[in-house]
Amino acid sequence: MDWLQTFIQQADMKHAFKQASIGIEREGHRITPDGDLALSPHPKKVDGSTSAFYIQRDFAESQLELVTPPAYTSSEVLEWLQAIHEVAIESLDNDERIWPYSMPPKLPNVDQIKVADLEDLDAVAYRDYLVEAYGKQLQMISGIHFNMQISPDFIHKLHTELIVKKGDTRSLKTFQSDFYLRLARNFLRYQWLLVYLFGAAPVADASFYRDKHDTFEDGPIRSIRNSHLGYINKSDVIFTYDNLEDYVTYLEENVTNKHLIAEKEFYSNVRLRGAKKARSLLTTGIKYLEFRLLDIQPDAPYGIKASDIDFMKYFILYLIWSDKDTNMDEVRYGIQMKTQVAEEGAFDMTSMQAEGRLLLADMQEMLQAIDADQAIIDVTTHMQARIEDPSLTPAAQMMTAMKDTEGYLLAGKTFAEELYQSAWEKPYALGGFEDMELSTQILMFDAIQEGYQFEILDRDDQMLRFTYKEHQEIVKNGNITSKDPYVAHYVMENKVVTKRVLAEAGFRVPQSLEFKAIDQAMKVADLYVAKAFVIKPKSTNMGLGISIFKHGASAAEFKDALEIAFKEDGAVLIEDFAFGTEYRFYVQDGKVLSIVNRVGANVIGDGKSTVEELVALKNQDSKRGHDHRSPLEIIALGAIEVNTLRQQGYDITSIVPEGEQVFLRENSNISTGGDSIEMLEDMHDSYKEIAVKMAKTLQVNITGLDLMILDIHEPATADNYALIEANFNPMMMMHIYPAYGQGKRISKELLQFLYPEKTKFTGGKE
């Protein structure tokens with residue numbers, strides 16, 4: 001056995017070998033609902049600058065490029081790709097969709113196809129050159145670029161092993177570059193296999209062909225994108241992957257001799273990555289490779305499936321594992337075979353079948369040797385079946401279903417419509433990350449849309465790190481940031497301290513008593529027999545453990561409420577009830593951004609259904625869910641709800657008269673099933689001023705203040721309002737997606753607050 005394979009099979013090396021990071025770039029055109037190429041400008045909701053991280057523009061103004069950050073598993077890559085795809089769809093103007101295939105939809109007159117309108121004039125000039133050199137039609141092809149970095153730890157340990165075993169004198173940087181060059185050569189030699197297995201561009205509309213005589217009239221092929229009509233440089237472009245110095249020299253000479261207008265015009269299916277200019281690679285070394293031959297898969301909602309990603313990853317690892325070390329003559333042969341296989345008939349057995357069998361059999365042996373998951377072994381078995389039966393390949397499957405070019409165009413329109421509807425099914429959620437708290441999902445959505453780079457530091461703890469240029473900010477739970485002092489959390493968590501600080505500053509707050517044991521609290525029960533009051537935990541929020549009595553309470557009800565509150569905290573408050581309507585003021589950076597009237601969990605009778613049935617019916621609303629992953633929460637029927645019903649003369653089996661509103665919670669928190677109504681424009685400015693001053697008094701930049709107000713249209717006085725609670729880390733989703741009224745995108749305001757130096761873009765330009 002080859003020494004490298006023996007080395008890889010060591011217990012610690014198996015893991016390092018498999019720990020490659022992967023990123024995907026997925027291109028796709030915007031289309032109209034009728035399936036025509038969109039001629040509209042880049043959507044204004046999306047940052048269209050060249051510094052945007054996740055959603056970019058490729059050649060044409062209509063051509064989006066969706067870019068994932070690197071991840072270590074196919075499921076993670078696909079989560080990101082789904083999220084970015086859904087953000088893109090939900091950001092489009094005029095109900096546009098994204099074309100789901102590599103070959104473009106029916107194209108308009110070439111004069112109507114606009115190159116990307118970027119603020120970088122050099123980038124625009126480069127695209128204008130491509131139009132002259134290759135024509136607009138070629139540039140309208142889309143595909144998948146597969147970026148992969150082999151584990152630096154694996155490369156480092158392999159380099160150390162070579163020093164010990166073979167006296168290798170190369171530096172780690174040089175060794176790493178040579179390592180990637182060998183991989184690039186091997187890939188280019190055997191890339192034909194991927195074209196056969198994943199070729200999915202069998203036909204194109206007549207509008208694609210620049211030369212009406214240069215078409216594939218004998219029938220559908222495997223991949224027009226990888227054919228001689230795809231991205232291929234002219235024959236005078238000279239290159240080598242033998243060593244990095246010659247690679248750089250040849251590339252620069254091509255530019256000097258006008259064989260290429262720029263280095264990025266070099267249309268190799270492998271690009272060396274690690275620096276913006278090729279010569280800089282001599283300093284930095286090659287960091288990773290970009291593989292550029294994959295067609296968009298016709299059965300993949302986001303262009304590529306998790307199983308495709310896994311196969312691609314392990315095929316590349318196989319090219320490392322193998323004892324193959326291809327020379328440049330073999331590389332050139334491999335490029336010829338790539339084109340030949342691409343131009344074979346979609347249903348034809350490939351002329352390279354025998355070699356394909358050997359490659360996949362060897363790959364299966366590697367998978368067993370490195371203890372690969374059964375899933376990738378099964379995927380490779382499926383690819384072996386494709387080698388034996390070309391009707392199983394994507395190109396053949398497409399033509400079986402679509403029949404001809406007309407069917408291709410219709411299928412693309414239909415699939416694009418399905419993806420559009422799926423993205424809009426839950427516009428408040430971020431596909432791929434729906435397990436996360438909803439406010440965090442919304443913030444991630446806005447960051448993707450507006451071009452901020454971010455990473456998930458801890459998924460369970462809802463902790464993100466945002467980056468814009470050199471500026472980083474960590475955000476937890478949607479709006480806990482470095483802009484607020486740590487002590488502010490403790491001040492607002494402690495309701496007694498909050499009210500004391502505000503009362504001393506002249507604001508009106510209800511009077512309260514504090515108790516640490518039920519028996520002590522029961523001694524004052526007689527004071528509240530006929531008095532409006534609230535029993536609540538001292539240091540919790542989101543409405544947990546709160547009971548409200550507007551008309552007093554019996555000793556039994558008083559005790560029940562205490563028991564509920566003490567389950568949430570070791571200290572409980574008995575507080576005078578503040579009459580009026582409750583409003584949540586969302587304050588940020590000295591401004592009130594939103595005000596919602598929260599109506600406690602309730603149902604409205606129909607004269608024939610029980611309370612329990614009405615609750616079940618209301619809970620069917622798609623906006624209702626659990627654990628802050630939906631704009632509204634599921635209404636429960638627990639002890640608090642039963643107690644609230646009892647005070648109104650109902651139980652869960654009662655039939656509610658038609659039109660009568662019955663409350664299941666006196667507290668109005670959305671987290672306990674309440675509804676929200678946006679009221680910012682209706683609120684008298686004096687209350688907004690009070691809220692801003694309260695936040696300043698509490699020394700906090702971001703807070704949610706709950707005020708009871710008798711009449712929002714009358715100016716505030718000393719006794720017509722009261723602060724009942726201040727909240728650190730206030731819920732954002734009820735402001736963004738209220739049950740009624742126009743939502744306020746306060747999450748975008750948060751990003752602008754954190755990054756005031758980022759110029760707000762308009763029309764796609766900064």
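- Contact record, Ala20 with Met148: CB-CE, 3.6 Å, taken as the closest heavy-atom pair.
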Next item on the list: Just do the side-chain hydrogen bond (donor to acceptor under 3.5 Å, both in side chains) check on Asp711 and Asn720 with the steps written out, would you?
Entry: CA-CA 8 Å; Asp711 187 342; Asn720 66 356; over 6 Å; no
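- Other residues, nucleotides and ligands contribute over 12 non-hydrogen atoms within 6.0 Å of the CD atom of Glu757.
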Note to self: Could you walk me through whether Lys45 and Asp93 satisfy the salt bridge (Lys or Arg N to Asp or Glu O under 4.0 Å) test, starting with their C-alpha distance in whole Å, then the side-chain angles of each, then the deciding distance to 0.1 Å, before giving a yes or no?
What the structure shows: CA-CA 9 Å; Lys45 292 180 181 178; Asp93 299 320; 5.7 Å; no
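- Atom CD in Glu689 sits 12.5 Å away from atom CE in Met694 (nearest 0.5 Å).
- When side chains are defined from C-beta on, Asp706 counts as touching Arg598, because their heavy atoms get closer than 4.5 Å.
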Next item on the list: Show the numbers, then the answer: is there a side-chain hydrogen bond (donor to acceptor under 3.5 Å, both in side chains) between Gln19 and Asp153?
Entry: CA-CA 9 Å; Gln19 278 295 99; Asp153 180 54; over 6 Å; no
Item checked: Step-by-step side-chain contact (heavy atoms from CB on, under 4.5 Å) determination, Val603 to Phe663 -> CA-CA 7 Å; Val603 292; Phe663 287 90; over 6 Å; no
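- In this model, no donor atom of one side chain and acceptor atom of the other lie less than 3.5 Å apart for Thr672 and Glu633.
- Remark: the backbone N or O of Ile24 is paired with a side-chain donor or acceptor of Thr68 at under 3.5 angstrom.
- The side-chain heavy atoms of Ile635 and Lys618, taken from C-beta on, include a pair separated by under 4.5 Å.
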Checklist line | Asn602 and Gln661: CA distance, side-chain angles, deciding distance, side-chain hydrogen bond (donor to acceptor under 3.5 Å, both in side chains) verdict | finding: CA-CA 7 Å; Asn602 69 92; Gln661 186 176 37; 3.0 Å; yes
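- The minimum heavy-atom distance linking Ile724 with Pro510 is given by the pair CG2-CG, 4.0 Å.
- Considering every non-hydrogen atom in both Ala505 and Thr697, the closest pair reads CB-CG2, 3.8 Å.
- The shortest side-chain heavy-atom distance between Leu751 and Asp446 falls under the 4.5 Å cut-off.
- The aromatic ring centroids of Tyr528 and Phe533 lie less than 6.0 Å from each other.
- The environment of NZ in Lys483 is crowded: more than 12 heavy-atom neighbours from other residues, nucleotides or ligands sit within 6.0 Å.
- At a cut-off of 3.5 Å, with distance as the only test, no side-chain donor of Glu641 or Thr644 sits close to an acceptor on the other residue.
- In the displayed structure, Gln699 atom CD is contacted under 6.0 Å by at most 12 heavy atoms of other residues, nucleotides or ligands.
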Notebook entry, point to check: Which is it for Tyr755 and Tyr452 under the side-chain contact (heavy atoms from CB on, under 4.5 Å) test, yes or no, and what are the steps along the way?
Noted result: CA-CA 10 Å; Tyr755 292 93; Tyr452 293 91; 3.6 Å; yes
Note to self: Checking Ser594 against Glu678 for the side-chain hydrogen bond (donor to acceptor under 3.5 Å, both in side chains) test, could you report, in this order, the C-alpha distance in whole Å, the side-chain angles of both residues, the deciding distance, and whether it holds?
What the structure shows: CA-CA 7 Å; Ser594 174; Glu678 175 58 49; 2.6 Å; yes
Item checked: Intermediate values then yes/no, side-chain contact (heavy atoms from CB on, under 4.5 Å), Arg665 and Ile640 -> CA-CA 7 Å; Arg665 282 268 187 164; Ile640 295 176; 3.4 Å; yes
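- For the atom pair OG (Ser75) and CD1 (Ile309), the distance works out to 9.0 Å, reported to the nearest 0.5 Å.
- Separating the CE atom in Met679 from the OG1 atom in Thr581 is a distance of 8.5 Å, to the nearest 0.5 Å.
- A 6.0 Å sphere centred on NZ of Lys591 holds more than 12 heavy atoms belonging to other residues, nucleotides or ligands.
- Side-chain contact, Lys550 with Gln647: no donor N or O sits under 3.5 Å from an acceptor N or O.
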Check: Passes salt bridge (Lys or Arg N to Asp or Glu O under 4.0 Å), Glu504 versus Arg500? Steps please.
Finding: CA-CA 6 Å; Glu504 289 174 348; Arg500 176 176 176 175; 3.1 Å; yes
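- In this structure, Ser439 OG and Leu443 CG are separated by 8.5 Å, a value rounded to the nearest 0.5 Å.
- The heavy-atom pair separating Leu430 from Ile448 by the smallest distance is CD2-CD1, 4.5 Å.
- The number of heavy atoms from other shown groups lying within 6.0 Å of NE2 (His471) is above 12.
- Here the CD1-NE2 distance, from Ile690 to His684, works out to 10.5 Å after rounding to the nearest 0.5 Å.
- No side-chain donor-acceptor contact under 3.5 Å links Ser49 and Glu119.
- With contacts defined as side-chain heavy-atom distances shorter than 4.5 Å, the pair Phe53/Val67 does not qualify.
- Here the straight-line distance linking atom CG of Leu502 with atom CZ of Arg508 works out to 13.5 Å at 0.5 Å rounding.
- Side-chain N/O atoms of Gln82 and Glu86 include a donor and acceptor closer than 3.5 Å.
- When all heavy atoms of Phe433 and Ala83 are compared, the pair lying nearest together is CE1-CB, 3.7 Å.
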Next item on the list: Evaluate the criterion salt bridge (Lys or Arg N to Asp or Glu O under 4.0 Å) for residue pair Lys744 and Glu681; output intermediate values, then yes/no.
Entry: CA-CA 11 Å; Lys744 310 298 182 185; Glu681 284 75 22; 2.9 Å; yes
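- For His489, the NE2 atom is densely surrounded, since the number of other residues' heavy atoms within 6.0 Å is greater than 12.
- Side-chain atoms of Thr717 and Asp719 form a donor-acceptor pair, as typed in the model, at a separation below 3.5 Å.
- Side-chain contact between Arg745 and Phe445: present, with at least one pair of heavy atoms (C-beta onward) separated by less than 4.5 Å.
- The salt bridge (charged side-chain N to carboxylate O under 4.0 Å, His left out) pairs that include a residue from residues 457-466 are Glu79-Arg459, Asp435-Arg459, Glu455-Arg465, Asp461-Lys476, where partners are two or more places apart or lie in different chains.
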Next item on the list: Start with the C-alpha gap between Leu593 and His735, add the side-chain angles, then the distance that decides, and say whether side-chain contact (heavy atoms from CB on, under 4.5 Å) holds.
Entry: CA-CA 9 Å; Leu593 301 183; His735 300 278; over 6 Å; no
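- With 3.5 Å as the limit, one finds a donor-acceptor pair spanning the side chains of Tyr586 and Gln588.
- At a cut-off of 3.5 Å, with distance as the only test, no side-chain donor of Thr50 or Asp120 sits close to an acceptor on the other residue.
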Next item on the list: Walk me through it: do Phe585 and Tyr583 pass the test ring pair (Phe, Tyr, Trp, His ring centres under 6.0 Å)?
Entry: CA-CA 6 Å; Phe585 288 65; Tyr583 298 91; 7.1 Å; no
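- The minimum heavy-atom distance between Tyr737 and Ser676, with the atom names listed, is O-OG, 4.3 Å.
- For Phe577 and Phe579, the gap between ring centers is short of 6.0 Å.
- At most 12 non-hydrogen atoms from other residues, nucleotides or ligands lie less than 6.0 angstrom from NZ of Lys693.
- Applying the salt bridge (charged side-chain N to carboxylate O under 4.0 Å, His left out) definition to pairs two or more places apart or across chains, those involving residues 512-530 are Glu514-Lys538.
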